[in-house]
Amino acid sequence: MTSYQLKIQTIYCGDNIKMLKDLPDESVDLCYIDPPFNSNRNYEVFWGDVQEKRAFNDRFGDAKAYIDYMRPRVNEIYRVLKKTGSFYYHCDWHASHYVKIMLDEIFGANYFRNEIIWKRTAAKGLAFRSLPNNHDSIFYYTKDEKFTFNRKYLPHREEYIDKFYKQVDENGRRYQLTDLTNPNRDRPNLTYEFLGVKRVWRWTKERMEKAFQDGQIVQLKPGSVPRFKRYLDEQEGTPLDNIWTDIQPVQSQAKERLGFPTQKPVSLLERILEISSNKGDVVLDAFCGCGTTLVAAQKLNRKWIGVDISPTACRVMGQRLYELYKLREGKDFWVDDLPKTEADLRELPHFEFQNWAVIALGQLTNMSGIPNKIKSGDFGIDGKLYPVELEKKKKEDKDLFGDIDKYYPVQVKQMDKVGRPDIDSFQTAIRRDGRIKGYFVSFDFTKDAIAEIRRLDKEGEIEIVPITVSSLLRAEQYKE
Ligand SMILES: C[S@@+](CC[C@H](N)C(=O)[O-])C[C@H]1O[C@@H](n2cnc3c(N)ncnc32)[C@H](O)[C@@H]1O
């Protein structure tokens, strides 16, 4: 039995196996996860650049490793879920069948509620000699028989309305006439004459008479079978089933898009939260990427907890919550365990370090630090600083990762001392990019490197601003 205090409105930066262990038993109402398939390359998968091109044997090996990796984490999630809690596991064809078996073992097959098929609208290219895979699977389990479940309805489709709601009354309301007779012929207490017609009716005579007085029952001509006027605007819609085709993936032009290919649409998470939680409930996402679940939870007045192993993801989330809801880190929400010392930063995978540095530099300079999405082919430029605020650009609907015309290139080196040759090659990269100023981040710079920077500056052609990791860390501490 673990019992710690539950800290809500918190993003934990770290491996969720450790973070989950710190959460109290039975403290979460709803957990959604969308883990990367290739678990050995977690850091990379946030950036979505893993191509699936391997043979089946490899995949089978991966699937086993993946399940071995996920099982202890899902066990922890099971422990922290309340008895009335629900769990949603988002995956796709790579591992869905293995995942289902694991979840049946952990939750019990009887507590499997649905496999939700989320159809992505556009298939990813034509597969060679097979059909394109075009859906994700979301497995839905509950911990027990008593659980939160709010049924959802979708608006009727136009064709359905045209086909079934043909009549329009004097007030312009659409309706259809529906049968009032009882399919069960053996109901003596419901067998009587109404408006001169003897039938087995659905309702009691009193209810029928009341509905008739209220104008809800019509008889088109004397002797014809009375029918019920079902108004379209009184219907809730079509009950939502497990095939979801009406939610678009985050398109390249979408306003909510942050540029991470694994980002899920907020409307998908809103739907899940509405079905399986109520206002004030605690929602957990233990693989929360750019924080889509947290955004949906905030929007729907749920409490939330997010976990991600990538410091970049944790920062992106913080930024997103500020931009959307003006939530301030340290006041309205907390980010725990971000790398805080030089030693922490030395430990980060190189790509994560680059991202950390570019984003932190943005904060230091009051610009928008946008790391490169791809890891290679950047010709010495690891990110860009835009001198306009992220928010403003978003309002103008500009693609943050596109080549908008004013930015400063950033180079990041996770090394003790940057030397003169590094400065020279950055200078070439800046020129090639058609810029005149750039920022260089590292742990330190040699005297030669600094002299070279001064010389370039004096020549008046290229300005390189050297930034040490310790100054970025100090600026962060000061900010807090
Ligand atoms: C597919 S993405 C999630 C995307 C998210 N649903 C969204 O809409 O932004 C998976 C995330 O899991 C994170 N991750 C991978 N392994 C992890 C672990 N062991 N603990 C915590 N987070 C992890 C990755 O950094 C990545 O951001």
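Note that these values count all heavy atoms, side chains included, but never hydrogens, waters or copies made by symmetry. Whatever order the structure lists ligands and atoms in, that order sets their numbers, starting from 1.
- Atoms of ligand 1 lying under 4.0 Å from at least one heavy atom of Y69, given by number and element, are 16 (N), 18 (C), 19 (N).
- Taking every heavy atom of A286 and a limit of under 4.0 angstrom, the matching atoms of ligand 1 come to 21 (C), 22 (N).
- Considering both main-chain and side-chain atoms, D308 comes within under 3.5 Å of ligand 1 through a nitrogen or oxygen pair.
- Between H90 and Y32, the ring planes are perpendicular. Angles over 60° get that label, and only those under 30° would be called parallel.
- Take Y141 and apply the side chain to side chain donor-acceptor pair (under 3.5 Å) test, not counting sequence neighbours, and it matches D104.
- The side chain of R73, and not its backbone, has at least one atom closer than 4.0 Å to an atom of ligand 1 (non-hydrogen atoms only; side chain from C-beta on).
- Backbone and side-chain nitrogen or oxygen atoms of K264 are examined, and one is located within less than 3.5 angstrom of a nitrogen or oxygen of ligand 1.
- In this structure the side chain of L81 never reaches within 4.5 angstrom of the side chain of L30, judged on heavy atoms.
- Residue contacts with ligand 1: C290 is placed with a nitrogen or oxygen under 3.5 Å of a nitrogen or oxygen of the ligand (distance criterion only).
- The distance criterion of under 3.5 Å between nitrogen or oxygen atoms is not met by Q263 with respect to ligand 1.
- The atoms of ligand 1 that sit less than 4.0 Å from any heavy atom of T292 are 7 (C), 8 (O), 9 (O).
- In the vicinity of S310, heavy-atom distances shorter than 4.0 Å reach the ligand 1 atoms 25 (O).
- Near G14, meaning under 4.0 Å from one of its heavy atoms, ligand 1 places the atoms 20 (N), 21 (C).
- By the 4.0 Å N-to-carboxylate-O rule, E145 lies close enough to R113 to be salt-bridged with it.
- Under 4.0 angstrom from ligand 1, there are no non-hydrogen atoms of Y12.
- The pair K82-D281 does not meet the salt-bridge criterion, since no charged nitrogen lies less than 4.0 angstrom from a carboxylate oxygen.
- Judged by the shortest distance from any of its heavy atoms, H90 lies outside the 4.0 Å radius around the atoms of ligand 1.
- Annotation: side chain of K143 is not in contact with side chain of T84 (no heavy-atom distance under 4.5 Å).
- Checked by atom type, the side-chain pair N355/D382 shows no donor-acceptor distance below 3.5 Å.
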(request) In sequence, state the C-alpha distance, the side-chain angles, and the governing distance for K152 and E274, and then conclude on salt bridge (Lys or Arg N to Asp or Glu O under 4.0 Å). (result) CA-CA 8 Å; K152 284 199 69 80; E274 279 170 353; 2.5 Å; yes

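- Backbone and side-chain nitrogen or oxygen atoms of I309 are examined, and one is located within less than 3.5 angstrom of a nitrogen or oxygen of ligand 1.
- At a cut-off of 3.5 Å, with distance as the only test, no side-chain donor of R315 or Q319 sits close to an acceptor on the other residue.
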